[in-house]
Amino acid sequence: MTAQPIEQAAVPAPAHAGAPVLQLTGAAVRVGGRTLWSGVDLTIGAGEFTAVLGPNGVGKSTLLKTLLGAAPTAAGEIRAPGRTEIGYLPQRRTFDAGVRIRGIDVVRLGLDGHRWGLPVPFLNRARRRAERRRIDEAIESTGATGYAHRPIGECSGGEQQRLLLAQALVTRPRLLLLDEPLDSLDLPNQSAVAALLGRICREDGVAVVMVAHDVNPILHHLDRVVYLAEGRAVTGPPREVITSETLTRLYGAPVEVLRTTDGRLVVVGMPDECRSGGPCC
């Protein structure tokens, strides 16, 4: 039986003017005859930061693939920018120490990777200069200038992640999709990358949708969350979604949300089959 969506938490109207960058209305996805999630209603404007949360296996990454057009919807409607206006950073991959390609060339692949990274013959000088400016701007915006010419295999995990983020930003996207970009980073790098994403969102007006295993590093940057569980979804501001009452309704079982003295959220009491191991899904 297809699960029905629960009542959505109220979302305040965006402060910015203009049409939404991304809009989902009653969206649902089925995989192998099973409904991963349904009833997703979401509107995201320029410069808004949204996290996709929930236990493992509920379809968080599938939601990003659906926004990219790589996975079909079973119901509802999705209005998203064209593929050239979306930047995408898939689940974290690391480069072996022996990889000699320079960081700047990894970033360049965001522009000309569809050409196997090879420059087009006879490309006019003005266009080449424009592309170089865009690459330099993306690297500078992520704070990676100091090591962009270093082989990426020699860069630390945090440095590699900044270069990959620059690759996703080099096309100047309106929408940035990130699949667990903080995974495997230590706490200082998590905080640094989270702050960087918040700045890109606010200053550059990029709409950010990020799948997260732990909401705490990005909590104070967020405008809203999409919480997926039990085939259903609830969306809204973090203070309205990540609550004992809302998650208890979503899971259909007692769930308690605790706030530690340093402001971190901890979700306890989820059904065993829904646990993902993080302090706050």
| task | Tell me, with the steps shown, if Phe95 and Leu164 meet side chain to side chain contact (heavy atoms under 4.5 Å, CB included). | result | CA-CA 11 Å; Phe95 295 90; Leu164 290 170; 4.0 Å; yes
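- Val40 is not listed as a side-chain neighbour of Ile78, based on a closest heavy-atom distance of 4.5 Å or more.
- Residues Arg199 and His221 fail the side-chain proximity criterion, which asks for heavy atoms closer than 4.5 Å.
- Rounding to the nearest 0.5 angstrom, the gap separating the CZ atom in Arg134 from the OG1 atom in Thr171 is 6.5 Å.
- Side-chain contact annotation: Thr25 with Asp41, donor-acceptor N/O pair under 3.5 Å absent.
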| Are Thr50 and Val208 close enough, and set up right, to give a side chain to side chain contact (heavy atoms under 4.5 Å, CB included), and what steps lead you there? | CA-CA 6 Å; Thr50 300; Val208 175; over 6 Å; no
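- Listed for the Arg30 side chain is a donor-acceptor partner under 3.5 Å among the backbone atoms of Gly33.
- With a 4.5 Å cut-off on side-chain heavy atoms, Glu180 and Met210 do not count as touching.
- The shortest side-chain heavy-atom distance between Leu169 and Ser141 falls under the 4.5 Å cut-off.
- Dense packing is recorded around CD of Glu137, with more than 12 heavy atoms of other residues, nucleotides or ligands lying under 6.0 Å away.
- Formation of a donor-acceptor pair under 3.5 Å by the Lys65 side chain with backbone atoms of Lys60 is not found in this model.
- Side-chain contact between Val29 and Leu63 is absent, with no heavy-atom pair separated by less than 4.5 Å.
- Of all heavy-atom pairs between Leu176 and Tyr88, the closest is CD1-N, 4.5 Å.
- Atom CD of Glu77 has more than 12 neighbouring heavy atoms from other residues, nucleotides or ligands inside a 6.0 Å radius.
- Of the possible donor and acceptor atoms, one in the side chain of Glu48 sits under 3.5 Å from a partner among the backbone N and O of Gly45.
- Remark: the backbone N or O of Gly59 is paired with a side-chain donor or acceptor of Trp37 at under 3.5 angstrom.
- The structure places OG of Ser156 at 8.5 Å from CG of Leu185, a figure rounded to the nearest 0.5 Å.
- The residue from Arg102, Arg100, Gln160 that alone fulfils the side chain to side chain donor-acceptor pair (under 3.5 Å) condition with Glu154 is Arg100.
- Checking Val267, Val268, Thr248 one by one against Val257, the side chain to side chain contact (heavy atoms under 4.5 Å, CB included) holds for a single residue, Val267.
- Taking all atoms of both residues into account, the shortest heavy-atom contact from Val170 to Ala138 is CA-CB, 3.9 Å.
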| side-chain hydrogen bond (donor to acceptor under 3.5 Å, both in side chains) between Thr243 and Thr246, intermediate numbers included | CA-CA 5 Å; Thr243 67; Thr246 300; 3.0 Å; yes
| Steps toward salt bridge (charged side-chain N to carboxylate O under 4.0 Å, His left out) verdict (Glu159, Arg150) | CA-CA 10 Å; Glu159 291 170 345; Arg150 189 189 308 166; 3.2 Å; yes
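- Taking CG from Leu178 and CD from Gln161, the interatomic distance works out to 8.5 Å, rounded to the nearest 0.5 Å.
- Annotation: side chain of Asn189 is not in contact with side chain of Leu182 (no heavy-atom distance under 4.5 Å).
- The backbone N or O of Leu265 sits less than 3.5 Å from a side-chain atom of Asn216, completing a donor-acceptor pair.
- Here the shortest heavy-atom pairing between Pro81 and Ile86 reads O-CD1, 3.5 Å.
- The CD1 atom of Ile242 lies 7.5 Å from the CG atom of Leu247; values are rounded to the nearest 0.5 Å.
- Distance check, rounded to the nearest 0.5 Å: CD1 of Ile44 to CG of Leu24 gives 7.5 Å.
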| task | Could you go through the side chain to side chain contact (heavy atoms under 4.5 Å, CB included) check for Leu222 and Val215 one step at a time? | result | CA-CA 9 Å; Leu222 292 177; Val215 72; 3.6 Å; yes
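- The closest side-chain heavy-atom distance from Asp214 to Arg264 is below 4.5 Å.
- Residues Leu89 and Pro181 come closest through the heavy atom pair CD2-CB, 4.1 Å.
- For the atom pair CG of Leu196 and SG of Cys201, the computed distance is 11.0 Å after rounding to the nearest 0.5 Å.
- In this structure, the side chains of Glu230 and Leu250 stay at 4.5 Å or more apart for every pair of heavy atoms.
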| request: Test Arg224 against Leu42 for side chain to side chain contact (heavy atoms under 4.5 Å, CB included), laying out the working first. | output: CA-CA 9 Å; Arg224 73 193 73 241; Leu42 179 66; 3.5 Å; yes
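- Asp136 and Ile104 make their closest contact through OD1-CD1, 4.5 Å (heavy atoms, listed as atom of the first residue, atom of the second, distance).
- Using the six-membered ring where Trp is involved, Tyr251 and Tyr227 have ring planes that are perpendicular, over 60° apart on the 30 and 60° scheme.
- Between the side chain of Arg202 and the backbone N or O of Gly47, at least one donor-acceptor pair lies under 3.5 Å.
- Within the 3.5 Å criterion, the main-chain N or O of Val106 finds a donor-acceptor partner in the side chain of Gln167.
- The side chain to side chain contact (heavy atoms under 4.5 Å, CB included) with Pro238 is formed by just one residue from the set Leu53, Asp223, Val225; it is Val225.
- Remark: the backbone N or O of Arg174 is not paired with any side-chain donor or acceptor of Glu85 at under 3.5 angstrom.
- Checking side-chain atoms of Gln91 against main-chain N and O of Asp179 turns up no donor-acceptor pair under 3.5 Å.
- When every heavy atom of Pro151 is checked against every heavy atom of Val99, the shortest pair comes out as CB-O, 3.8 Å.
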